Amino acid sequence: MKSLVQNYKELLEEQGIGEEDYDIREGENAESLRLQVAGKYAPISLCAIFVEEESLFVIFSTYDKEVPEEKYAKMALYIAETNFALKTGGLELNLENGQVMMRHSQYLFYEEEQDLKDVLLLTMKLNLTTYEEYYEKIMEIIEQ
């Protein structure tokens, strides 16, 4: 059976994204794959993390726009209110660099590799569309 990363790479290839378009990093307990995709408003940076032994897939997306430190409190309040309404995933504010990220975590239970690819693709699309749904309000807070 192929690894989660290998299945994701094949999925990206099926979507027209080649190996030259992403970067893979190996960590102590997980591998990550980073790439940039065209978003509705601006390019979106994606980071997909794979924890093989737990069959866990975590995906983060972010626009490369930073929240000014003086607006952290207002953004944190907006994120808390938004996360309360979200059914899956959640927004996060990185206090080190001021970026707002959308995170989804998905345990992967599957019988066939195609089922796995379907779940990976659905999770990635859900992450991107959810993040774009809140983009305008995030930008409004940043630019006020």
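Position 1 is the first residue of the sequence, and the numbers go up from there. Note that the coordinates shown come from a computational prediction; the quantities given were computed from them, not determined experimentally.
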- Task: Apply side-chain contact (heavy atoms from CB on, under 4.5 Å) to Tyr22 and Leu46, showing your working.
- Result: CA-CA 10 Å; Tyr22 57 80; Leu46 284 177; over 6 Å; no
- Message: With side-chain contact (heavy atoms from CB on, under 4.5 Å) as the criterion, how do Met124 and Val37 come out once you've worked through the C-alpha distance, each side chain's angles and the decisive distance to 0.1 Å?
- Response: CA-CA 11 Å; Met124 184 171 70; Val37 297; over 6 Å; no
- Item | Intermediate values then yes/no, side-chain contact (heavy atoms from CB on, under 4.5 Å), Val119 and Thr123 | CA-CA 6 Å; Val119 171; Thr123 304; 4.0 Å; yes
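Leu33 and Leu121 fall within a single hydrophobic cluster, where Ile, Leu, Val, Met, Phe, Trp and Tyr are joined by side-chain heavy atoms under 4.5 Å apart, directly or via other members. By the criterion of side-chain heavy atoms lying less than 4.5 angstrom apart, applied directly or through intervening Ile, Leu, Val, Met, Phe, Trp or Tyr residues, Leu86 is grouped together with Phe57 in one hydrophobic cluster. The hydrophobic clustering, which links ILVMFWY residues whose side-chain heavy atoms are closer than 4.5 Å, places Tyr134 and Ile44 together. A single hydrophobic cluster is not seen to contain both Val58 and Leu11; linkage of ILVMFWY side chains at heavy-atom distances under 4.5 Å, directly or through other members, places them apart. Both Met75 and Leu95 are assigned to one and the same hydrophobic cluster, defined by single-linkage of ILVMFWY side chains at heavy-atom distances under 4.5 Å.
Atom CD of Glu19 is separated from atom CD of Glu13 by 7.5 Å, given to the nearest 0.5 angstrom. Separation of atoms CD (Gln36) and CG (Asp23) is listed at 12.5 Å; rounding is to 0.5 Å. How far CZ of Arg103 is from CD1 of Ile49: 10.5 Å, rounded to the nearest 0.5 Å. How far CD1 of Ile138 is from CD of Glu132: 10.5 Å, rounded to the nearest 0.5 Å. With values rounded to the nearest 0.5 angstrom, Lys74 atom NZ is found 14.5 Å from Leu93 atom CG. Here the straight-line distance linking atom NZ of Lys137 with atom CD of Glu81 works out to 8.5 Å at 0.5 Å rounding.
For the pair Leu4 and Ser55, the tightest heavy-atom approach, listed with the atom from each and the gap, is CD1-CA, 4.2 Å. Between Ile141 and Lys71, the shortest heavy-atom contact is O-CD, 3.1 Å. Contact record, Asp21 with Gly16: OD2-O, 4.4 Å, taken as the closest heavy-atom pair. Across Gly90 and Asn83, no two heavy atoms sit closer than the pair CA-OD1, 3.3 Å. Between Gln6 and Lys2, the closest heavy-atom pair is CG-CD, 3.8 Å. Of all heavy-atom pairs spanning Ser105 and Leu56, the tightest one is CB-CD1, 4.4 Å.
The shortest side-chain heavy-atom distance between Leu120 and Gln106 does not fall under the 4.5 Å cut-off. Counting heavy atoms from C-beta on, the side chains of Pro43 and Asp64 never come closer than 4.5 Å. Within the 4.5 Å cutoff, the side chain of Tyr63 has no heavy atoms near those of the Ile142 side chain. Within the 4.5 Å cutoff, no side-chain heavy atoms of Asn29 are placed close to those of Glu54. The closest side-chain heavy-atom distance from Lys9 to Leu12 is not below 4.5 Å. Tyr135 is not listed as a side-chain neighbour of Lys40, based on a closest heavy-atom distance of 4.5 Å or more. Counting heavy atoms from C-beta on, the side chains of Leu91 and Ile79 come closer than 4.5 Å. At a threshold of 4.5 Å between non-hydrogen side-chain atoms, the residues Ile59 and Leu128 do not count as touching.
Side-chain atoms of Asn97 never come within 3.5 Å of backbone atoms of Glu66 as a donor-acceptor pair (strictly under, hydrogens ignored). Judged by distance alone, the side chain of Tyr131 and the main-chain N or O of Val100 form a donor-acceptor pair under 3.5 Å. Between the side chain of Asn7 and the main chain of Lys117, no donor-acceptor pair closer than 3.5 Å is present.
Within 6.0 Å of CD in Glu69 there are 12 or fewer heavy atoms belonging to other residues, nucleotides or ligands. Other residues, nucleotides and ligands place no more than 12 heavy atoms under 6.0 Å from the CD atom of Glu112.
Under the side-chain hydrogen bond (donor to acceptor under 3.5 Å, both in side chains) criterion, Glu136 pairs with Tyr41, sequence neighbours left out. When the side-chain hydrogen bond (donor to acceptor under 3.5 Å, both in side chains) test is applied to Lys65, no partner is found at least two apart in sequence or on another chain.
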